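This report concerns only the one structure given below.
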Amino acid sequence: MQELNGEKTSKVKKERTPMPEQPAEERKKNFNEVALGYAKEDALAEASRCLSCKEPKCVEGCPVNVDIPGFIKLVCEEDFSGAIEKIKGTNTLPAICGRVCPQETQCEALCVLGKKGQPVAIGRLERFCADYERKQGVKVPEIPEPTGKKVAVVGSGPAGLTAAADLAKLGHKVTVFESLHKAGGVLSYGIPEFRLPKEIVRQEVEYIEQLGVEFKPNYIIGRIKTLDELCDEFDAIFLGTGAGLPSFMGIPGENFNGVYSANEFLTRVNLMKAYDSEYDTRVRLGKHVVVVGGGNVAMDAARSALRLGADEVSIVYRRGEDEMPARREEIEHAKEEGITFRLLTNPVRILGDEKFNVTAVECIKMELGEPDKSGRRSPVPVEGSEFTIPADVVVIAIGTSPNPMIFKGSEGLDQNKRGTVIADEETGATSKCGVFAGGDVVTGAATVISAMGAGKKAAKAIDEYLKEQ
Amino acid sequence: MAYKILEKEEIAPSVHRMVIDAPDVAKAAKAGQFIILRINEKGERVPLTIADFEKENGTVTVIFQEMGKTTKQLAKLSAGEFLEDFVGPLGTPSDVEKLGTVILVGGGVGVAPAYPQAKAYSKAGNKVISIIGARNKDLLILEDEMKNASSELYIATDDGSKGHHGFVTDIMKQILDSGEKVARVVIIGPPIMMKVGTGVASPYDVEILVSLNSIMVDGTGMCGGCRVTVDGKTRFTCVDGPEFDARKVDFVELMNRLAMYRGEETKAVEKYDEECRCGLH
Ligand SMILES: Cc1cc2nc3c(=O)[nH]c(=O)nc-3n(C[C@H](O)[C@H](O)[C@H](O)COP(=O)(O)OP(=O)(O)OC[C@H]3O[C@@H](n4cnc5c(N)ncnc54)[C@H](O)[C@@H]3O)c2cc1C
Ligand SMILES: Cc1cc2nc3c(=O)[nH]c(=O)nc-3n(C[C@H](O)[C@H](O)[C@H](O)COP(=O)(O)OP(=O)(O)OC[C@H]3O[C@@H](n4cnc5c(N)ncnc54)[C@H](O)[C@@H]3O)c2cc1C
Ligand code: SF4
Ligand code: FES
């Protein structure tokens with residue numbers, strides 16, 4: 001029996017509690033957060049939908065196995081501090097995961113309520129608890145006696161931040177090296193403010209600093225120091241350098257002015273704040289913007305372009321909507337904001353004028369054929385179906401691979417053909433002694449929570465490795 | 001983290017030399033590499049070549065020309081002040097080895113990046129013939145330094161106020177014609193000068209390298225903004241370069257890409273100059 005709105009009901013509400021958000025007409029003109037977060041009443045109503053299953057499936061769906069029924073029970077009891085403590089037992093960045101995890105394919109996918117109605121909005125509850133804690137002021141845990149061991153973390157994305165925090169809590173001296181001027185990895189330069197406010201990332205980094213971790217920005221491993229040199233200075237190393245190298249399509253016209261990789265476009269907008277006239281970095285403002293790709297990156301680029309003032313923004317994706325890898329919520333939000341989806345469409349050529357400015361994208365229609373290696377039906381071009389879409393800005397968001405810089409001057413670090421570092425799935429151990437790796441640099445572009453999961457496992461393995469030393 | 005400016009002087013009209021305290025960068029720096037700096041939180045990331053470095057003192061020297069808002073703002077800073085960010089060394093170092101005779105051609109502020117190369121090639125045992133040029137004699141930079149670092153130094157000015165009346169590439173052609181056996185020519189300067197120079201040197205049996213300045217954001221291979229076409233393939237200047245085989249570079253594309261933000265930049269400078277007049281800076 002569940003208690004809902006003070007009434008005893010024998011049935012759980014099928015529908016989840018809606019998330020308050022900025023109206024689409026409003027939000028497409030600003031970079032403020034789209035989803036506004038649950039109020040206390042919303043959180044209580046949503047938490048009360050949880051059945052407290054004896055064998056909760058949702059926990060299995062979460063890559064870091066957050067004790068979901070446990071924290072939701074505490075929310076029901078209005079013990080929000082207890083709830084956040086429970087979440088933080090396994091997840092160091094809940095304010096971030098609650099906002100950007102693809103919950104519909106992870107924890108919420110396995111919630112039994114999802115069979116008949118909508119699953120419990122686990123991500124929204126997680127976000128609520130984390131935001132509650134931030135308003136109260138985050139408590140810094142006691143740090144144990146220093147072990148005297150030094151660990152270097154290369155890269156400050158979710159994998160590196162998680163590994164650094166866990167290792168610091170175990171008493172190791174941690175130094176994080178980051179090539180950009182700001183910590184956070186993709187959280188800082190890739191994911192836009194309207195999905196993940198940078199203030200949250202800043203606060204998370206500050207928290208980790210309070211754990212005694214030293215951050216060295218503007219410090220590129222492979223340039224200032226090689227990995228081998230780090231190995232001499234530190235007792236162990238965690239590589240969390242991500243997958244930041246942009247892929248291009250290799251079609252004619254890709255170097256015309258106005259054609260961006262999603263990384264450049266989003267870095268100019270997020271890290272360098274090109275949308276704010278107070279900042280010096282610029283980005284080309286398009287009237288007609290074409291974004292190529294179907295993942296979160298494509299959605300982010302398209303919705304950023306719209307907010308910069310474009311009249312029309314289209315997403316060009318070679319498969320169908322069901323095959324799109326983006327989070328469901330982002331696809332919905334993009335549609336509400338008026339982004340045009342041109343599915344089963346693939347660019348074949350980019351056209352430009354004599355001044356080298358892009359003018360249009362020539363595309364071809366696709367149809368779905370036999371399943372390919374990814375298990376998804378593969379797109380096949382429909383002969384003779386070429387057409388052009390006018391464009392003055394084109395953003396290519398078709399994937400990334402690891403930056404090879406870390407391999408410069410480093411002996412014995414094995415990588416595979418795709419350029420990713422080979423590491424043990426359970427421990428993150430690489431072929432190089434004392435060097436562990438995790439996150440996108442091992443898996444290729446994946447998710448925030450999987451990168452964090454890898455950082456966590458590696459921290460544990462590094463701790464064990466250091467004890468054996 | 002901040003990086004202290006130790007020295008600052010105007011070495012030619014609108015051309016400034018700045019020495020920065022950046023021990024980590026200085027220690028790792030090699031000829032041909034560059035840094036990216038940011039003046040403050042709201043500033044742009046601008047790339048500048050490492051013109052000199054001292055590993056013992058931990059200092060890095062840059063030489064820059066006032067172009068747009070950022071370099072004008074940079075010119076206003078004095079010794080004792082700080083830069084917010086200073087990342088480097090970036091780029092693949094020049095492949096300096098003993099080749100025999102090397103001609104270094106530097107135009108305008110392009111002489112700044114040519115200077116560490118002159119030193120490096122000389123140290124590696126090469127005969128270094130340097131040719132430096134500018135529009136007029138007041139704009140010439142690093143004359144004494146280049147003289148000390150080279151076996152021979154030639155000067156060209158567009159108006160004939162010093163040295164040869166004409167272009168650096170005229171002198172380069174004379175040397176190549178003289179029968180002197182030259183192994184490599186390195187041309188560094190404005191894109192149009194590198195393009196013309198490449199055209200002049202191409203018929204000779206000599207390796208030609210140019211150092212490309214494409215527009216950059218991160219300098220680590222992450223954004224792809226610095227892409228250039230070399231030998232028909234897309235390459236990233238910041239990691240694959242900045243030096244490339246000149247005969248294979250698509251200079252027309254490079255020059256067009258450099259013009260990408262010109263409109264916005266002009267506006268930014270106008271706004272900045274306006275604010276300066278109002279005493280806001
Ligand atoms: C636009 C965009 C939107 C996304 N949206 C989502 C989403 O909604 N949900 C989700 O779960 N995932 C999303 N992702 C994916 C997710 O962000 C990544 O999977 C995750 O950030 C990977 O974490 P990481 O720690 O492995 O690497 P990164 O976050 O890539 O961090 C790596 C860091 O290492 C630094 N680095 C690299 N090389 C060096 C070096 N040699 N020396 C020093 N530092 C170095 C880099 O500068 C960077 O800061 C998105 C990705 C992008 C690009
Ligand atoms: C590897 C590299 C090394 C460089 N070394 C030097 C150096 O030693 N001394 C020096 O004076 N300049 C150097 N430059 C050029 C310098 O980076 C630009 O002049 C500077 O970014 C201009 O900034 P601004 O804000 O003052 O001007 P802006 O207003 O940004 O631009 C002024 C002009 O510079 C061009 N420009 C803008 N950004 C860049 C950029 N990132 N790279 C190249 N051109 C640009 C624009 O097309 C415009 O015509 C180098 C550039 C690169 C890529
Ligand atoms: S961390 Fe992500 S996957 Fe795990 S419970 Fe939270 S929202 Fe779900
Ligand atoms: S500057 Fe970003 S890839 Fe070269």
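Model, not experiment: these values are computed from the prediction. We name chains A, B, ... by the order of the sequence lines, and we start the count at 1 in each one.
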Item to complete: Please assess Met255(B) against Phe356(A) for the test side chain to side chain contact (heavy atoms under 4.5 Å, CB included), listing each intermediate value before the final yes or no.
Response: CA-CA 10 Å; Met255(B) 289 191 279; Phe356(A) 229 70; over 6 Å; no
Side chain, backbone, both or neither: which part of [X] has a heavy atom under 4.5 Å from chain B?
{"X": "Leu245(A)", "answer": "both"}
{"X": "Asn255(A)", "answer": "both"}
{"X": "Lys182(A)", "answer": "side chain"}

Identify the heavy atoms of [X] and [Y] that sit nearest to each other, and give their distance.
{"X": "Thr220(B)", "Y": "Asn403(A)", "value": "O-ND2, 2.7 Å"}
{"X": "Arg223(A)", "Y": "Thr92(B)", "value": "NH2-N, 4.1 Å"}
{"X": "Pro89(B)", "Y": "Ile224(A)", "value": "CD-CG1, 4.0 Å"}
{"X": "Glu41(B)", "Y": "Tyr279(A)", "value": "O-CE2, 3.6 Å"}

Discussion item. Measuring from atom OH of Tyr189(A) to atom CE of Met222(B), what distance do you get when rounded to the nearest 0.5 angstrom?
Written reply: 4.5 Å
Practice prompt. With rounding to the nearest 0.5 Å, note down the distance linking CZ in Arg45(B) to OG1 in Thr281(A).
Written response: 9.0 Å
Practice prompt. Mind running side chain to side chain contact (heavy atoms under 4.5 Å, CB included) on Tyr219(A) and Asp24(B) for me, showing each step along the way?
Written response: CA-CA 9 Å; Tyr219(A) 208 109; Asp24(B) 290 328; 3.4 Å; yes
Discussion item. Under a 4.5 Å cutoff for heavy-atom pairs, which residue among Ser277(A), Pro246(A), Gly244(A), Ala274(A) has the most contacts with chain B?
Written reply: Pro246(A)
Is chain A contacted by the side chain of [X], its backbone, both, or neither, given a heavy-atom distance below 4.5 Å?
{"X": "Val252(B)", "result": "neither"}
{"X": "Leu90(B)", "result": "both"}
{"X": "Phe86(B)", "result": "backbone"}

Worksheet item: Between Thr70(B) and Asp280(A), does a side-chain hydrogen bond (donor to acceptor under 3.5 Å, both in side chains) hold up when you go through it step by step?
Response: CA-CA 8 Å; Thr70(B) 308; Asp280(A) 291 337; 4.7 Å; no
Under 6.0 Å from the [atom1] atom of [X], do we count more than 12 heavy atoms belonging to anything else shown?
{"X": "Lys195(B)", "atom1": "NZ", "answer": "no"}
{"X": "Arg349(A)", "atom1": "CZ", "answer": "no"}
{"X": "Lys173(A)", "atom1": "NZ", "answer": "yes"}
{"X": "Lys355(A)", "atom1": "NZ", "answer": "no"}
{"X": "Lys408(A)", "atom1": "NZ", "answer": "yes"}

Fill in: Residues forming a salt bridge (Lys or Arg N to Asp or Glu O under 4.0 Å) with Lys198(A), sequence neighbours excluded
none
Item to complete: List for me each residue that meets salt bridge (Lys or Arg N to Asp or Glu O under 4.0 Å) alongside Asp245(B), sequence neighbours excluded, and say none if there are none.
Response: Lys248(B)
Fill in: For chain A, the option from Asn40(B), Val217(B), Val25(B), Asp218(B) that forms the most heavy-atom pairs under 4.5 Å
Val217(B)
Worksheet item: Is Phe248(A) close to Arg227(B) at the side-chain level, that is, under 4.5 Å between some pair of heavy atoms?
Response: yes
Worksheet item: Considering only heavy atoms from C-beta outward, does the side chain of Arg38(B) approach that of His181(A) to under 4.5 Å?
Response: yes
Discussion item. Using the rule given for side chain to side chain contact (heavy atoms under 4.5 Å, CB included), can you reason through Lys27(B) versus Lys225(A), listing the C-alpha separation, both sets of side-chain angles and the distance that settles it, and then say yes or no?
Written reply: CA-CA 9 Å; Lys27(B) 222 165 154 188; Lys225(A) 277 200 178 110; 5.6 Å; no
Worksheet entry | Contact listing (chain B partner; residues 257-273 of chain A; heavy atom under 4.5 Å) | Asn257(A), Gly258(A), Val259(A), Tyr260(A), Ser261(A), Asn263(A), Glu264(A), Thr267(A), Arg268(A), Met272(A)
Item to complete: Go through Tyr3(B) and Asn218(A) one step at a time and tell me if the side chain to side chain contact (heavy atoms under 4.5 Å, CB included) criterion holds.
Response: CA-CA 11 Å; Tyr3(B) 301 79; Asn218(A) 296 323; 3.6 Å; yes
Discussion item. Give me each pair satisfying ring-ring contact (aromatic ring centres under 6.0 Å, His included) with a member in residues 21-78 of chain B, each pair once, sequence neighbours excluded.
Written reply: His16(B)-Phe64(B)
Discussion item. Salt bridge or not between Arg282(A) and Glu44(B)? Use side-chain N to carboxylate O under 4.0 Å.
Written reply: yes
